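For reference, the structure discussed in these notes is given below.
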Amino acid sequence: MINLEGKEVAMAHREKIKREIEEQGIEAGLAVILVGDDPASKSYVASKEKACREAGIRSIVFQLKKETSEEEVLKKIEELNLDASITGILVQIPLPDHIDENRVVEKIDPWKDVDGLHPFNFGKLFMGNSVVEPCTPKGIIHVLDHYKIDLAGKNAVVLGRSNIVGKPIAALLLQRNATVTICHSKTKNLKELSLSADILVAAIGKPLFVTAEMVKEGAVVIDVGINRIEDKTKLSGYRVVGDVDFESVSRKASAITPVPGGVGLLTIAMLLDNTLTLARIQQAKAA
Ligand code: GUN
């Protein structure tokens, strides 16, 4: 069984980006908007900020109150769209219920959309002509490529249909000639379908949902979940687990990503990658 360690792959990629930024004199500035005080989101944003700093990307975090109106968020985005020193904009998801995620994403200048979630970028992704790809799906493909896992003709089953992971990873797997099935909360024969998977991507946000009896012998399992579950033996009072029951599934899988230390680290590396790509494009346009 191969442990698809994200850490080494992510760190090597971050070093490469840092070198390119230095050598090519790229001036990249990432603005991150965080609405509310969800502890997990705050911790992700802090990691993104640190990674930017280490790579030589300026980053500014706008921490807005939970009650901030949709109009105010849209206004902030408009301001950042017009600011030439900002080359990338990221709005941390999830947003509070009173804010429409689609309206927010559509407001971002597509050439500053480091998440690749604007309809322009999402459309190009599905056409196989992407500029930037959503960070987590891009990270998954990166780790599969690193470990030389061939996707052509394989049955890939994606659990979850979110815009941020499920739909875009399906598009990328399809582009690599996998036969892709997307399962979701209304899927009837989920266990049967997941058992047919050569490549199984779990992105449903349910702790330890995927158990050994849902996994085919020799399957490659990608665990996108980052769930906090109560653990009184820990100082923090919680521990982080994936959507996959690693202990039982790792005995059947031929390869599996761990949580933590798997896909999460690659998401951040790909965010830097997208930020560099868009900064380069803007620099070339301004020249
Ligand atoms: N929330 C969880 N992952 C992500 C991500 O990759 N981008 C954004 N904007 N929000 C997230």
Side-chain angles (χ1 to χ4, degrees), residues 6 10 13-14 30-52 57 59-64 66 68 73-74 76-77 80-81 86-97 99-110 112-119 121-122 125 130 132-143 158 160-169 171-172 201-207 222-228 240 242-243 257 259-260 262-278:
H13 200 70
R14 279 168 62 167
L30 177 67
V32 178
I33 300 178
L34 172 61
V35 188
D37 47 18
D38 173 59
S41 287
K42 277 173 97 168
S43 142
Y44 300 150
V45 167
S47 304
K48 290 173 184 179
E49 215 185 346
K50 179 167 175 275
C52 280
I57 295 170
S59 80
I60 313 172
V61 178
F62 296 92
Q63 160 88 68
L64 308 178
K66 195 169 75 204
T68 306
V73 176
L74 296 177
K76 186 81 221 161
I77 294 172
L80 296 166
N81 282 344
I86 298 295
T87 57
I89 302 170
L90 179 152
V91 179
Q92 187 66 22
I93 288 166
L95 286 162
D97 290 344
I99 300 177
D100 182 337
E101 204 172 287
N102 286 338
R103 283 193 69 193
V104 165
V105 167
E106 285 175 34
K107 193 72 179 175
I108 299 172
D109 176 345
K112 294 190 177 185
D113 169 34
V114 289
D115 264 323
L117 293 172
H118 185 282
N121 287 314
F122 220 63
L125 166 72
S130 58
V132 285
E133 294 156 355
C135 305
T136 301
K138 182 173 176 165
I140 294 171
I141 296 296
H142 191 84
V143 79
V158 177
R161 56 174 155 178
S162 66
N163 287 341
I164 204 158
V165 184
K167 289 176 200 163
I169 188 60
L172 289 176
V201 179
I204 35 177
K206 288 191 179 162
I222 307 293
D223 190 354
V224 179
I226 303 177
N227 310 290
R228 292 180 173 198
V240 173
D243 289 351
T257 58
V259 176
V263 172
L265 296 169
L266 283 151
T267 297
I268 292 182
M270 296 306 128
L271 168 66
L272 303 182
D273 194 302
N274 285 349
T275 304
L276 171 58
T277 299
L278 294 181

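Being a predicted model, the structure only gives us computed values, none of them experimental. Just so you know, ligand 1 is whichever comes first in the structure, and atom 1 is the first atom listed for that ligand. Only heavy atoms go into these numbers, but all of them, side chains included; no hydrogens, no water, no symmetry mates.
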### Summary
Rounded to the nearest 0.5 Å, the CD1 atom of Ile140 sits from the CG atom of Leu172 at a distance of 9.0 Å
### Query
With no hydrogens and no angle check, do the side chains of Asn274 and Asp115 hold a donor and an acceptor under 3.5 Å apart?
no
### Query
Taking only residues two or more places apart in sequence, or in another chain, which ones meet His118 in a ring-ring contact (aromatic ring centres under 6.0 Å, His included)?
none
### Task
Under the side-chain hydrogen bond (donor to acceptor under 3.5 Å, both in side chains) rule, collect the residues that match up with Asn163, sequence neighbours excluded.
Lys167
Acceptor/donor pairs from residues 39-46 side chains to any protein atom, 3.5 angstrom cut, sequence neighbours excluded:
unit_1	atom_1	unit_2	atom_2	d
Ser41	OG	Asp38	OD2	3.0

### Query
Under the 3.5 angstrom rule, does the side chain of Lys112 hit a backbone N or O of Leu80 as a donor-acceptor pair?
yes
### Summary
Chain-and-number sorted residues having a heavy-atom contact under 4.0 Å with ligand 1 are Lys48, Leu90, Val91, Gln92, Ile93, Asp115, Ile164, Thr267
